[in-house]
Structure formats: C-alpha cells, structure tokens
Amino acid sequence: MHQTAERFQARLRELGFDAEVRELANSTRTAQEAADAVGVEVGQIVKSLVFVDEGSPLLCLCAGDRRVDTEKLGAGVRQAKGDEVREATGFAIGGVPPVGHDRPIHTVVDASLRRFETVWCAGGTPHAVFPVATEALIAAIPDVEVREIS
Ligand code: 5CA
C-alpha cells in the first residue's frame with residue numbers, strides 16, 4: 001500500500017476505528033470515480049472539502065451527490081487552494097480523509113450524509129478509500145457540527 005495510505009490507516013487505528021483502508025487499481029480521485037470503483041451510489045461517497053473562513057481552515061463533509069452551498073457557510077468563506085488543503089490537513093486534493101489530519105480542524109457535516117448507514121471516504125490518496133458507519137464517523141470528529149450546508 002502507498003505509504004500515505006498506510007500512515008492514514010495507522011491514524012484510523014489510533015482513533016479507534018477498525019475500518020480497513022482499501023487501495024484500488026482504479027482512481028478514486030473524484031466521488032464518481034470512487035463510487036464506480038467501490039460499486040456504491042455516488043451519494044454514499046463522502047467529499048472532504050476544505051474551505052477558508054476568514055483565514056481559518058474549515059472542513060466540510062458532504063455526500064457525493066450534493067454540492068456545498070458556500071452561502072450556508074457564511075460570508076467570506078471560499079474553497080481552499082491545493083496548497084492550503086495540504087497545509088490544513090496534511091493530505092492532497094483527491095485523497096483528503098474526513099478524520100486523521102495533521103492538526104485539528106473545525107468540521108461541518110452536511111445532514112444529507114445521514115441518509116446512509118455506511119459511507120465511503122478517501123483514505124489519504126486518490127486510490128485509497130475506506131467504509132465507515134456514518135454515526136461512528138461523526139462521533140469521532142472532535143470539533144464538529146451537523147447541519148444542512150448543501
Ligand atoms: N477521493 C475522492 C472521493 S472520497 C475525493 O477526495 N473527493 S473530494 O470531493 O473530497 O475531493 C475532490 C474535490 O476537491 C473536488 O470536488 C473539488 O471541490 C476539490 N478540488 C479539485 N481540484 C481543486 C483545485 N484545483 N483547487 C481547489 N479544490 C479542488
């Protein structure tokens with residue numbers, strides 16, 4: 001397994017998840033690609049999107065079939081650039097996981113994710129994903145709010 005995915009797998013264990021990171025031959029860079037690779041509907045793929053709110057990073061977890069409405073995040077919020085994503089999370093766009101970042105990050109979960117008992121998330125690289133129970137994922141995020149942001 002790619003060392004970034006292995007590092008993330010170790011972090012998942014440290015966080016108390018027994019979820020298994022799966023590395024796939026096909027790209028899982030986008031939600032649609034991940035859905036196709038895993039064989040689930042695209043809504044079940046978690047998009048982990050970084051925004052910048054007046055200089056502070058903000059992570060939004062959104063179902064793969066929804067788009068985050070930045071107006072619901074507040075005035076002055078914009079999507080992060082690639083280098084900002086890596087700085088805030090330690091991971092590159094296409095592989096950003098929902099937990100296990102280099103440092104704590106305020107996280108907003110779109111309520112639409114709760115449609116699914118199990119969701120699939122990026123596992124550190126654009127070829128790695130892992131399944132997790134939605135409520136277990138939410139419960140493991142230290143600084144989290146769940147509301148409608150799509
Ligand atoms: N591995 C997949 C499924 S879990 C994944 O990471 N999907 S994602 O939605 O969380 O990450 C891709 C997202 O990164 C895109 O939806 C887009 O919002 C964002 N993105 C892609 N390219 C750029 C870019 N150049 N600058 C800023 N954001 C980007």
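Read the numbers this way: they start at 1 and go in the same order the structure lists the ligands and their atoms. Position 1 is the first residue of the sequence; numbering continues from there.
- Nearest approach of Asn26 to His127, heavy atoms of both residues: O-ND1, 3.1 Å.
- Close contacts of ligand 1 with Ile45, meaning ligand atoms under 4.0 Å from a residue heavy atom, involve 3 (C), 4 (S).
- Listed by number with element, the atoms of ligand 1 under 4.0 Å from a non-hydrogen atom of Thr28 are 1 (N), 2 (C), 3 (C).
- The proximity of Gln79 to ligand 1, defined as any non-hydrogen pair under 4.0 Å, is limited to the side chain.
- Rounding to the nearest 0.5 angstrom, the gap separating the CG atom in Leu24 from the CG atom in Asp36 is 11.5 Å.
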Return all side-chain donor-acceptor pairs below 3.5 angstrom for residues 75-83, not counting sequence neighbours, or 'none' if the list is empty.
residue	atom	partner	partner atom	Å
Arg78	NH1	Glu84	OE1	3.0
Arg78	NH2	Glu84	OE2	2.8

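- A salt bridge links Asp102 with Arg11: at least one charged nitrogen is closer than 4.0 Å to a carboxylate oxygen.
- Across every non-hydrogen atom of Phe8 and Gly124, the tightest pair is CD2-N, 4.4 Å.
- Considering Val129, Val68, Leu49, Ile93 only, the shortest heavy-atom separation from atom 29 (C) of ligand 1 involves Ile93.
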Show the atom names and distances, to 0.1 Å, of all donor-acceptor pairs under 3.5 Å that link a side chain in residues 42-61 to residues at least two apart or in another chain.
residue	atom	partner	partner atom	Å
Gln44	NE2	Thr118	O	3.0
Lys47	NZ	Arg66	O	2.7
Ser48	OG	Val96	O	3.3

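- Ligand 1 has no atom lying under 4.0 Å from any heavy atom of Pro126.
- Near Ser48, the atoms of ligand 1 lying under 4.0 angstrom from a non-hydrogen atom of the residue are 10 (O).
- Among protein heavy atoms, atom 4 (S) of ligand 1 sits closest to Val46 O, 3.1 Å.
- For ligand 1, the atoms lying closer than 4.0 Å to a non-hydrogen atom of Lys47 are 9 (O), 10 (O).
- Hydrophobic cluster membership differs between Val119 and Val38, with clusters built from Ile, Leu, Val, Met, Phe, Trp and Tyr side chains linked at under 4.5 angstrom.
- By the criterion of a heavy-atom distance under 4.0 Å, the backbone of Ala80, and not its side chain, is placed next to ligand 1.
- Across all their heavy atoms, Leu15 and Gly100 have their closest contact at CD1-N, 3.8 Å.
- On a distance-only criterion, Gly82 and ligand 1 share no N/O pair closer than 3.5 Å.
- The shortest N or O to N or O distance between Trp120 and ligand 1 is not below 3.5 Å.
- The heavy atom nearest to atom 12 (C) of ligand 1, considering only His127, Arg78, Arg29, is found in Arg29.
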